[in-house]
Amino acid sequence: MPDQPPQATFTFRSDYLIGATICLATSLAASTVSIIRDGAPLTAPPWPANAIVLGLVAAWLFFIGLKGQRFAPTRLLGGLPFAICVIGHFFLWVLVAGTLPASDGSQLPTLVRKLGLSSPITSIPFNAALLLFLLNLGLATAGRITKLKKARLKFYVSHGGMWLLIAAGLLSSSDLERWELIVSEGDATAEVSNADGTQTRYLPFGVLLADFDIEFFTTQLTLVDVDETEIIWQKGEPLIDLEKGNIARIRGWELEVLESYEAAVPLGKTAYQPHDSPFAPPAAHLRATHLETGRTVQGWTTCGNDHVPTTTILAEGSDFRFAMALPRPKRFSSQVTILKKGEEPFPVKIEVNKPITIDGWKLNQLSYDETAGKASRWTVLEAVRDPWMPAIYVGLALLALGALMHLIDRVTIEKLTKN
Amino acid sequence: MNLINIFPWVATVALATWTLGLIAFPKKRPVGIALLVLGTLSLGACLVTIWITLERPPLRTLGETRLWYSFLLPIAASIVCIRWKMVWPLYYAIPLAGLFITINLTNPESWDRTLMPALRSIFFVPHVLAYLLAYAFLSAAFAASLRGWRALPGSERSEQTLEFADRSVQIGFGFLTLGLVIGAIWAKEAWGHYWAWDPKETWALLTWLGYLAYLHFRLQHPLAAKPAFAFLGAAWIVLLLCWFGLNMMPIADQSVHTYTR
C-alpha cells in the first residue's frame with residue numbers, strides 16, 4: 001500500500017529536489033565568496049543598521065505572510081519539505097564545525113580555514129545555512145498569521161521565539177562587547193582589553209580591588225610513580241580527603257591522616273608547622289600500613305608551590321608514592337569598589353555565577369592568578385555590554401514557553417492527530 | 001561505613017527486582033508493579049544518599065548522569081505507559097536502564113566531592129535534569145523504533161509503536177529545548193555569552209536539530225513508518241555521541257563539558 005497518493009508523492013519529491021538544490025547552491029555560492037575573501041570573518045552591521053535590517057526583514061515577512069501565500073515559491077520556501085531540507089543543511093554545517101578543533105585556524109587545512117569554520121558564527125557558509133533556516137522559519141510563521149487560530153498559539157510562540165532568538169543573535173554580534181579587566185589588590189582601573197590584548201578601551205567607571213578571596217576544598221590524596229613524574233591514581237580508586245583523623249584504604253594500604261594543615265611551612269627536614277602566610281601550601285602527616293605485610297610508613301606530604309617543594313611518601317614495597325593533589329577551588333570572589341564621577345564610591349562583591357550590572361555593563365568573575373592560588377593578588381573580571389540582551393531573552397522565553405506548551409499538550413492529548 | 005559504598009548493593013537489588021518484576025508482570029501484575037517500583041525507588045534513595053554524602057548534586061560525571069538516566073528511564077516509560085495504557089515500552093526501557101547500571105557497576109565511580117565554582121549555580125540541576133529527562137524519553141522513542149522496525153508496515157502494531165515513539169519524542173524534545181534554553185541563560189550569567197561553540201554545545205545542537213528534523217518529517221509523512229523508525233535510530237546515535245562519544249573525540253579536551261576528573 002503506497003504511503004501517499006501518487007500526485008502528492010510527486011509534489012513532495014519535487015519540493016525536496018528544489019529545496020536540496022537551493023541549499024546546495026547557497027552553500028556553493030557562500031563557500032566561493034568565503035574562499036575569495038580568504039576566510040575573512042563576516043560581521044553584522046552595527047547599531048542602528050542591524051535594528052533597521054531586523055525591522056525590515058520582519059516587516060517583509062509579515063507582508064509575505066499576509067499577501068504572498070498564493071504564490072507557489074512563497075509556499076514552497078515556508079513549507080515542510082523545505083524545512084526538512086534547511087534543517088538537514090544546517091545540521092551538516094554544524095556537524096563540520098562540531099568535529100573540527102576550535103582554534104585560530106592556523107592548524108586547520110587551508111580549505112577549512114578559508115571557509116572560516118574555525119569560528120562558525122563568523123563563517124560565511126555557516127551563516128548562509130542559518131539564513132536559509134531563518135527564511136523558512138519566518139515564512140512558515142508569517143504564513144500562518146493570516147489564519148490566526150487559538151490552537152496554533154504554541155506554534156506562533158515556539159517558531160516566533162526561535163526566529164527572534166536567531167535573528168537577534170546574528171544581528172547583535174557587532175554590538176556585543178566583551179572585555180577583560182585585570183586589577184591588583186589595592187589598585188583601581190577603568191581600562192579593559194580584549195582576550196588577546198590587542199585592543200583596549202575605558203569603562204565609564206573605575207574598579208578598585210579591595211580584596212580577592214578564594215576558598216578551596218579539603219585537599220585529597222593522589223598517587224604518583226616512584227620517580228614523581230606522573231600521577232598514577234586512576235578513576236574508580238577512592239578519593240581520600242586529607243582531613244585529620246580520616247582513615248581510608250587504597251591499593252592494599254590503610255591510611256590514617258595524623259595531622260593536616262591548610263597552610264604550612266617546613267620545620268627542619270622532616271616536619272611541617274602551620275603558618276598564616278598566603279604563600280604557605282597545605283601539608284598533611286600520614287601513616288600508611290600495608291594490610292598484608294603490616295609494614296608501616298609515615299611522613300609528611302605537601303603539594304608544594306613556588307616557595308615550598310613538593311613532598312611525597314614512598315609506599316615501600318609498592319611502585320608508587322602517596323602524594324597530595326593540588327587543591328581545587330570551591331569558590332572565588334572579588335570585593336571591589338565602583339568609582340563613578342560625581343557619585344560616592346560603593347562596594348560590591350563579584351563571584352562566579354553572581355555578576356553585577358553597572359551602567360549597562362555586566363561584570364563577571366572570570367579568573368585569577370592560578371599559579372599563585374590562594375596567594376593570588378589580582379583578579380580577572382569580564383565586562384560585557386550586550387544591548388540586545390532583552391530581545392534575545394524574549395526569544396529564549398518564548399522558545400521555552402513553546403516547549404512547555406508542547407509538553408503539556410503532548411501529555412494531555414488523547415489521540416495523536418495523523419493529519 | 002561510608003553510605004556511598006552501598007551503590008553496588010543497591011544496583012544489584014535494582015537489577016534483580018526489575019528482572020523479577022518484568023517476569024512477574026504478565027501473570028501477576030500487582031507483584032510485577034511492586035517489584036519494578038521497588039527497584040526504581042531503591043535507585044532514587046541511592047541518588048539521595050549520594051547527594052547528601054557528597055554535599056553536591058550527583059550530576060557532574062558521566063557515571064552520575066548514567067545513574068540518573070537509569071532512574072528516570074523507567075519513570076519516563078511508566079508515565080507514557082500509564083497515560084496511554086501500553087505495557088510493552090517497559091520491556092524495552094527497563095533493560096536499557098539495566099544496561100546503564102551495569103556499565104556503572106563495571107566502571108566504578110570515585111565519588112568526588114569537589115564541584116568547580118562555575119557549576120555552583122541555580123541553573124546546574126535544572127539544566128542537567130532537563131537533558132536527562134529528554135534523554136530518557138528520547139531513548140524510550142528509540143526503544144519503540146526497535147519494536148516498530150520488526151513490525152509489518154501498516155499493521156496495528158506498527159501504528160501503535162509509531163504513535164508511542166512520536167509522543168515520546170515530542171515530550172523529550174520539549175525537555176531538550178528547555179535544557180538548551182536554561183544552558184544558554186546560565187552561560188550568559190556565568191561566562192557573558194549564550195553560546196560559545198564548545199564541542200558539547202555543538203553536539204547538543206546537532207541532537208536538537210536531529211529531533212527537530214524528525215518532528216517535521218513526521219508532520220510531512222505521517223504514514224511513513226519505516227523511514228521514521230530509521231530516523232529515530234540515527235537521531236539516537238547522535239544523542240549518544242553527544243552524551244558519551246564526544247569524550248573519545250580529539251576535540252574533547254577543548255570542551256568544558258567533558259566530565260572527567
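What's counted below: heavy atoms across the whole structure, side chains too, no hydrogens, waters or symmetry copies. Residue numbers begin at 1 in each chain, while the letters A, B, ... track the order of the sequences.
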With a 4.0 Å cut-off, would you call Asp112(B) and Lys235(A) a salt bridge?
no
How far apart are the closest heavy atoms of Ala403(A) and Gly174(B), and which atoms are they?
CB-O, 3.7 Å
Would a 4.5 Å heavy-atom cut-off, applied to side chains only, mark His193(B) and Arg178(A) as touching?
yes
Distance check, rounded to the nearest 0.5 Å: Thr177(B) atom OG1 versus Leu396(A) atom CG?
11.5 Å
4.5 Å side-chain heavy-atom contact, Pro238(A) and Trp111(B)
no
Chain A: which of Pro108(B), Gly210(B), Gly192(B) shares the most heavy-atom pairs with it under 4.5 Å?
Gly192(B)
Phe126(A)-Trp197(B) aromatic ring centre distance below 6.0 Å
yes
Identify which of Val94(A), Leu366(A), Val384(A) forms the greatest number of heavy-atom pairs closer than 4.5 Å to chain B.
Val94(A)
Who wins among Val86(A), Asp386(A), Leu404(A), Thr218(A) for the most heavy-atom pairs under 4.5 Å with chain B?
Asp386(A)
Looking only at non-hydrogen atoms, find the nearest pair between Ser110(B) and Gly236(A) and report the distance.
OG-N, 2.7 Å
For a side-chain contact (heavy atoms from CB on, under 4.5 Å) check, start with the C-alpha distance between Ile84(A) and Gln220(B), then their side-chain angles and the critical distance, and finish with the verdict.
CA-CA 9 Å; Ile84(A) 295 166; Gln220(B) 181 69 12; 4.1 Å; yes
Contact part of Met405(A) toward chain B, heavy-atom cut-off under 4.5 Å: side chain, backbone, both or neither?
neither
Rounded distance [0.5 Å steps], CG in Leu399(A) versus CG in Leu180(B)
7.5 Å
Considering only heavy atoms, which portion of Ala83(A) lies under 4.5 Å from any heavy atom of chain B: side chain, backbone, both, or neither?
side chain
Gap between atom CZ of Phe217(A) and atom CD of Glu55(B) - 0.5 Å precision:
9.0 Å
Output for pair (Leu407(A) CG, Leu178(B) CG), nearest 0.5 Å, gives 6.0 Å
Chain A heavy atoms under 4.5 Å from Tyr194(B): which part of the residue, side chain, backbone, both or neither?
side chain
Between Leu215(B) and chain A, which part of the residue has a heavy atom less than 4.5 Å away: side chain, backbone, both or neither?
neither
Quick one, Lys188(B) and Ile392(A) - any side-chain contact, counting heavy atoms below 4.5 Å?
no
The interface call for Glu237(A) against chain B, heavy-atom contacts under 4.5 Å, is backbone
Can you tell if the side chain of Asn364(A) reaches within under 4.5 Å of the side chain of Trp191(B), non-hydrogen atoms only?
no
CG (Leu105(B)) with more than 12 external heavy atoms under 6.0 Å:
yes
Show your working on side-chain contact (heavy atoms from CB on, under 4.5 Å) between Leu205(B) and Phe91(A) and close with a plain yes or no.
CA-CA 8 Å; Leu205(B) 177 62; Phe91(A) 180 97; over 6 Å; no
Between His221(B) and Tyr16(A), is the ring centroid distance below 6.0 Å?
yes
Engaged part of Leu165(A) at the chain B interface, taking heavy atoms whose separation is under 4.5 Å:
neither
Salt bridge between Lys354(A) and Glu189(B), side-chain N to carboxylate O under 4.0 Å?
no
Scored by heavy-atom pairs under 4.5 Å with chain B, the best of Val352(A), Leu80(A), Leu176(A) is Leu80(A)
When you compare the side chain of Lys330(A) with that of Met116(B), does any pair of heavy atoms fall below 4.5 Å?
no
Pick one of side chain, backbone, both or neither for Val238(B), based on which atoms fall under 4.5 Å of a heavy atom in chain A.
side chain
Select one option (side chain, backbone, both, neither) describing which atoms of Trp195(B) are under 4.5 Å from chain A's heavy atoms.
neither
Any side-chain heavy-atom pair from His406(A) and Ile171(B) closer than 4.5 angstrom?
no
Working for side-chain contact (heavy atoms from CB on, under 4.5 Å), residues Trp203(B) and Leu95(A):
CA-CA 8 Å; Trp203(B) 279 89; Leu95(A) 185 65; 3.6 Å; yes
In Å and rounded to the nearest 0.5 Å, what is the CD1 to CG distance from Ile122(B) to Asn353(A)?
9.0 Å
Chain A shares the most heavy-atom pairs under 4.5 Å, among Leu206(B), Leu209(B), Leu115(B), Val181(B), with Leu206(B)
Output the distance between atom CZ (Arg120(B)) and atom CZ (Arg331(A)), rounded to the nearest 0.5 Å.
5.0 Å
Where on Phe133(A) is there a heavy atom nearer than 4.5 Å to chain B: the side chain, the backbone, both, or neither?
side chain
